[in-house]
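Let me begin by presenting the structure, written as structure tokens, before commenting on it.
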Number of protein chains: 2
Amino acid sequence: MATDDLMTRALEALGDDGPLSVEAIHRLADLADLPETMTIAEVADLLDISPHTLRYYERAGLVEVARGGNGHRVYDAKAVRRLVFLTRMRLSGMPMRDLRHYVSLVDAGGHTVHERLDVLVGHRDAVRRRIRELTLSLVAIEYKIATYGGSTGSDVQEFGTTTGTDRTALPDESLRRALPAE
Amino acid sequence: MATDDLMTRALEALGDDGPLSVEAIHRLADLADLPETMTIAEVADLLDISPHTLRYYERAGLVEVARGGNGHRVYDAKAVRRLVFLTRMRLSGMPMRDLRHYVSLVDAGGHTVHERLDVLVGHRDAVRRRIRELTLSLVAIEYKIATYGGSTGSDVQEFGTTTGTDRTALPDESLRRALPAE
DNA sequence: CTACGCCTTCGAGCGCGCTCGAACGCAAAA
DNA sequence: TTTTGCGTTCGAGCGCGCTCGAAGGCGTAG
């Protein structure tokens, strides 16, 4: 069935270039050897977010950051590791609200481990659903691109024209039905 | 390499239940036989969005909808098909701004086909990047769940305990390095 | 000494995508 | 006739996640 083919190719096509910038990957590759302490600018650079956002996260109660003698923030390795985790969760769509909840569990002590796992599992499932949702949309978009003729409303006649030519192994009827005009 | 294994399993795990509700899939399965016209409530039900949102899309210039004798909106098949497309693009993360642009191209006539394709291809690439981004996060989250011991900052010692037991074929070092505390 | 650069706190503002509510119209049911 | 239900227009409000800017401190370079 052609839908599976397209789905497979859609998934394969993801092997191109990552969505994370190459620098960001490099910077995150070796979390093992983090410096003892970092400035806000260094952390911002590491995480690819602005100092403003870092201060915002701190204000939101997601992380505690010490101050140096000059009043400047001093991020130790523990704070940085937590921020790496937090930004990863944010990037995958976890709301600030849930993140605050999770952090409060962590700070509450070891007896909250079970509930923390519930949060993680819930988010994992949400990410899975979102990926699936996006993959379905991707298939639809790729189909539309593959069959695009420039329809401006009266679209039906164009879908029959490529039978025989078969320029890109077009998907099946179920897709055609799911992909309307424009 | 174990990372690939986890990645593969992460992708396979997506085969569970779709993110779209079963009803929504059923309702969208047969776009071929749409009724001649639909009310706002019917379209809202079909697309799983609120009538408020439908009016908002119309106000935003994304679609024109006729009025019946009583002043009520009358959605014809063409409008419904466009709205199906629009909601699919929205669901996959295309901003309203881009959607407005695309619609303006469609309404401008056939000479904009090339530019329309550019928009679609651009969005396709964005969706691909987002899927990849989410997949990476998913792998990280699954790793964290699999190895969770309840670390509260001093996390390092826990990552060595499972060597030998090998309860779930844990991934490799590169992942460990990418997944910090909490 | 001045200027620069990087940092601080705090409160306000912004862009997005809805979401809501008030005030009203029309038609069928009780 | 009154009520119920579904619709209309329009403008305002909301939740989210930043993002910005003002006003100032501190330390080094020129």
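Quick caveat, the model's predicted, so the values are computed rather than measured. A, B, ... follow the sequence lines: proteins, then strands. Residue 1 opens every chain.
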Any sub-3.5 Å donor-acceptor pair from [X]'s side-chain atoms to [Y]'s backbone N or O?
| X | Y | result |
| --- | --- | --- |
| Thr135(A) | Ile131(A) | yes |
| Ser92(B) | Arg88(B) | yes |
| Thr53(A) | Ile49(A) | no |
| Arg82(B) | Leu62(B) | yes |
| Thr112(A) | Glu115(A) | no |

Under 4.0 angstrom, heavy atoms only, what part of the nucleic acid is [X] near: base, sugar-phosphate, or nothing?
| X | result |
| --- | --- |
| Ala41(B) | sugar-phosphate |
| Thr39(B) | sugar-phosphate |
| Arg97(A) | sugar-phosphate |
| Arg59(B) | base |
| Pro95(A) | sugar-phosphate |

With sequence neighbours excluded, tell me which residues meet side chain to side chain contact (heavy atoms under 4.5 Å, CB included) with Thr39(B). Ala41(B), Glu42(B)

First of Tyr56(A) and Asn70(A) reached from the 5' end of DNA chain D, by closest nucleotide: Tyr56(A)

Specify the residue among Glu42(B) and Met96(A) whose closest nucleotide of DNA chain D lies further upstream toward the 5′ end. Glu42(B)

Nearest whole Å is fine: how far is [N] [atom2] from [X] [atom1]?
| X | N | atom1 | atom2 | answer |
| --- | --- | --- | --- | --- |
| Tyr75(B) | dG7(D) | OH | C1' | 11 Å |
| His72(A) | dT28(D) | NE2 | P | 11 Å |
| Arg73(B) | dC10(D) | CZ | C1' | 12 Å |

Contact boundaries of DNA chain C with chain B (under 4.0 Å, heavy atoms), 5' to 3'? dC16(C) to dG25(C)

Per nearest nucleotide of DNA chain C, the residue lying toward the 5' end, His52(B) or Arg67(A), is Arg67(A)

Nearest 0.5 Å please: distance from the CG atom of Leu99(A) over to the CE atom of Met94(A). 6.0 Å

